[in-house]
Student: 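This is the structure, below, for whatever I ask next.
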Amino acid sequence: MSYIPVKRPKFSLLDKVYVVELVKGLCITFKHLALSLLGKSRGKKDFNGNGVGVCMQFPEQRWDAHLPSYYRGAPVLVRGEDGRERCVSCQLCEFICPARAIKVTPGAVSADSPCQKQEKAPAEFEIDMLRCIYCGMCQEACPEQAIFLSKEYLITLTDRSKAIRNKETLYKLGGTRKGLVNKWNQYK
Amino acid sequence: MFSTLCQWYDDVMSNEIWFYLITTLIKLVLMFAVILAFVVISVWTERRVAGWIQDRPGPNRAGIPLFLLKRFGSKEKQPLSKLLHFFGIPQDSWIAKLCTWLRLDREIPTFGLMQPCLDGGKLFLKQEVTPVYVRRFLFILAPMLVLGPPLVAAAVVPFASAVETCYGHISMCVANLNIGVLWIFAVSGLSVYGLTLAGWSSNSKYPFLGGLRASAQLISYEVAMGLAIIPLLMMFGTLNLQEIVQQQADNGWTLLPLWGEGLNVQRWALYLPVLVSFLVFVTCVFAEANRTPFDMAECETDLVGGYHTEYSSMKFASFFMGEYAAMVIGSALVVTLFFGGWSIGFGADAALAAYCDWLAVLCQFLVFLVKLFAFIFFFVWVRWTLPRFRWDQVMKLGWLVFFEVTVINIFLAAAIMFFVKQTPFCSLFN
């Protein structure tokens, strides 16, 4: 059988008159109201709530310490343990970005860099935080493990122009990641 | 000088026309202020109660931040600590801790009461978009037609008992009409034009459907609403709302006939039809005010925003306010007809009036406001409990259930009034 017919409940006359069920419903919602006013809502502990209802009072109280490992915040660029810029400006993140938030300007590797083999490095790397949707596609697409989603979620701006983060800011926010990517080592 | 002023006041008030004009103007402003204040309060109640029912706090901020003081030139950085110091309260006492917990060191708390006002202000400042394809005249007329009728309908709602002053008689409602109930029905029925015109003049699919639904629903429920209160009118024998409330104050509220002449056999035999009237009437008020579970005209899931989809800025706000004003008037009408309006109950009105007229008026006014608020809370409570009905269910309920029930109810009430005698309960036991 390709479909399963849903069994509709048979309503008694009392159900059809609706008034009794209505009063029951009102009682349920009133119970919720009373419990949240008393600060005893169900599941309050799980949500780390404080005060009325299960909610956390945001600016005073924050999840920061409890953010799950998979939390997707603002994307940032990272350096390797050796201090090398991991990004090779292949522009895959720019192409995959569904919101077109990323703009990479490719450039040559600076002459004094220890990794001449990688040939390219971003001359400029911009992410427009007003466009970013925190989907994590850039991180998925990156073959160099150079771009990651951080746990930063408070992106509050006073000016639209401040929403565009340049390469310097992104590296500063990203810091370094453990684990060497050896394929650009010139002795390999 | 003072005696001249008194003389002048005396002269003006002794003139019948001036007396009538001045008292009416005061009552008018009062009623207008009450309704607009209650629109704000009911929006606040709606959002807070919705929050509590859904286990969250609702809008609880919107305090007046104290850094504004600095903006206005005050050099004081910590007004709270200075205030505590002034009263000699130590910084680590429980009072200081309580003040900090209430965020008094940062803001003057309003518990979210400012939120609707700020939202209104925001809507004032927003960009006004009038699409090019609308019928401009009707498009602009529609929001006025929605906001106007509830405010006009409020004219006949009594908010305190009548007072005899040395200058003349003051009836505590703006217009003491003998057709009070009919006036409310007639005027509040006009608001359907606003909704229909908004839907039609928008020249767009979803608003049009919303307008159609609004007109069909309001007209259907107007019938049941009118028929539902006929048993009550037979009982009171008058359409004048002030007299209806006066009778309830003397003889027990319609739904609570526990004192005065309310304690007779006929009145209690009439309790069943009155209860049916109450249920039907309240449901119809919900439908008339376009509230869930009857908000077919603007149900977001199938009609985007309903009849006000194309409206923006203050035009949208006046639809919003009109809706809440209709809710306030609906509550006022239910309170007036079924819960004794301004009457304090248990014969307290007459006792208070005998003690001091104006004290009685003040108490009755407050009691009226409390009852009004209670019923607004009920409106909100129902909204966050019941899911929306389907369109055909709404029509079926209106025409196939309420219409029949109310017609039968009228005959039942008439039969009871004819056959059951008005014997007081106390005479039964003798």
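Order of the sequence lines fixes the chain letters, A, B, ..., with proteins taken first and strands second; residue numbering starts at 1 for each chain.
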Student: Under 4.5 Å, counting heavy-atom pairs only, tell me which of A:L26, A:V52, A:V19, A:L33 racks up the most with chain B.
Tutor: A:L26

Student: Does the side chain of A:T158 come under 3.5 Å of the side chain of A:K162 through a donor N or O and an acceptor N or O?
Tutor: yes

Student: Looking at A:F148, does the NZ or CZ of A:R177 lie under 6.0 angstrom from its six-membered ring centre and within 45 degrees of the ring axis?
Tutor: yes

Student: Could you tell me if B:K371 sits above the aromatic ring of B:W253, with its cationic atom closer than 6.0 Å to the ring centre and no more than 45 degrees from the axis?
Tutor: yes

Student: Which region of B:I53, side chain (C-beta onward) or backbone (N, CA, C, O), has a non-hydrogen atom less than 4.5 Å from a non-hydrogen atom of chain A, or is it both or neither?
Tutor: both

Student: Which bit of B:W384 is near chain A, if near means a heavy-atom gap under 4.5 Å: side chain, backbone, both or neither?
Tutor: backbone

Student: Is it true that B:T406 and B:N409 share a donor-acceptor pair across their side chains at a distance under 3.5 Å?
Tutor: no

Student: Can you tell which part of A:L37 gets under 4.5 Å to a heavy atom of chain B, answering side chain, backbone, both or neither?
Tutor: side chain

Student: Is it the side chain or the backbone of B:V382 that comes within 4.5 Å of chain A heavy atoms, both, or neither?
Tutor: both

Student: Does B:R388 qualify as a cation-pi partner of B:F294, given the criterion of NZ or CZ under 6.0 Å from the six-membered ring centre and within 45 degrees of its axis?
Tutor: no

